[in-house]
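Encoded as structure tokens, the structure appears first; notes follow it.
Quantities reported herein were computed from a predicted structural model and do not represent experimental measurements.
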Amino acid sequence: MTCIGASKVTESFGSGLDRRIGADDLEHLDGLPAHVAELVRAAWELGGRPELEKLRLRAWAHMLGFGGHWSTKSRRYSTTMTVLRRARVAFAKRRRAGDGVPLDAWDRPEDDQAVIVVASWIYVGSGYATEGERWLALSAAARAREQRRIAWEELRTTTRSAAA
């Protein structure tokens with residue numbers, strides 16, 4: 001069995017980002033790729049702005065400013081997977097439509113607000129229509145219970161004999 005995993009780590013960038021960093025550490029990012037060091041510095045700088053303080057970018061600068069779950073399910077910090085899925089669906093519809101209007105599965109304009117009632121439902125009752133239908137249902141249920149009981153008995157006797 002193969003297990004594929006995903007994680008949010010920066011350890012592949014070197015030992016400089018294996019813990020939270022402080023202002024003094026910003027001068028010692030030499031072992032990191034230049035782009036990564038710039039991301040760390042940008043997270044630190046942005047984290048110092050009062051309007052971004054609640055994002056805690058400085059606390060997570062060692063993780064390039066991102067302190068959330070790797071699949072970003074946090075509504076407060078980023079976006080939700082539902083919003084991303086809806087955006088992808090809308091993009092695909094616009095792309096398929098080209099310069100025209102996106103159409104739904106029935107070739108109607110996607111933004112058409114018309115409602116068509118195809119059928120209506122009413123409650124007509126519950127239970128069996130005849131005594132014969134009732135008897136058939138009860139017989140089938142009894143037969144299923146008996147088959148389960150026999151299967152359990154077979155399983156117990158086979159397990160006991162295999163253990164002996």
*Should the heavy atoms of other residues, nucleotides or ligands under 6.0 Å from CD of E27 be counted, would the total exceed 12?*
no
*Is any side-chain N of the basic residue among E146 and R143 closer than 4.0 Å to the acidic one's carboxylate O?*
no
*asked:* Does atom CD (E53) have a neighbourhood of more than 12 heavy atoms from anything else shown, all under 6.0 Å?
replied: no
_What's the separation between atom CG in L155 and atom CZ in R148, rounded to the nearest 0.5 Å?_
14.5 Å
*Between L26 and W44, what is the shortest heavy-atom contact and its length?*
CD1-CD1, 3.3 Å
_Quick check: do H62 and W60 have side-chain heavy atoms less than 4.5 Å from each other?_
yes
*If you round to the nearest 0.5 Å, how far is CG of L39 from CG of L32?*
10.5 Å
*Are R85 and T82 close enough that some pair of their side-chain heavy atoms sits under 4.5 Å apart?*
yes
*Within a reach of under 6.0 Å around CZ of R134, are more than 12 heavy atoms found that belong to other residues, nucleotides or ligands?*
no
*For the atom pair CZ (R58) and CZ (R56), what is the distance rounded to the nearest 0.5 Å?*
13.0 Å
_R88 side, atom CZ; R95 side, atom CZ - distance, nearest 0.5 Å_ = 13.0 Å
*Joint hydrophobic cluster, Y128 plus L138, side-chain heavy atoms closer than 4.5 Å*: no
_Heavy-atom pair with the smallest gap, counting every atom of A43 and L64_ = CB-C, 4.1 Å
*Out of curiosity, I150 CD1 to R145 CZ, how far, rounded to the nearest 0.5 Å?*
13.0 Å
*Kindly check if the number of other-residue, nucleotide or ligand heavy atoms within 6.0 Å of CZ (R41) is above 12?*
yes
*Rounded to the nearest 0.5 Å, how far apart are CD of E51 and CG of L46?*
9.0 Å
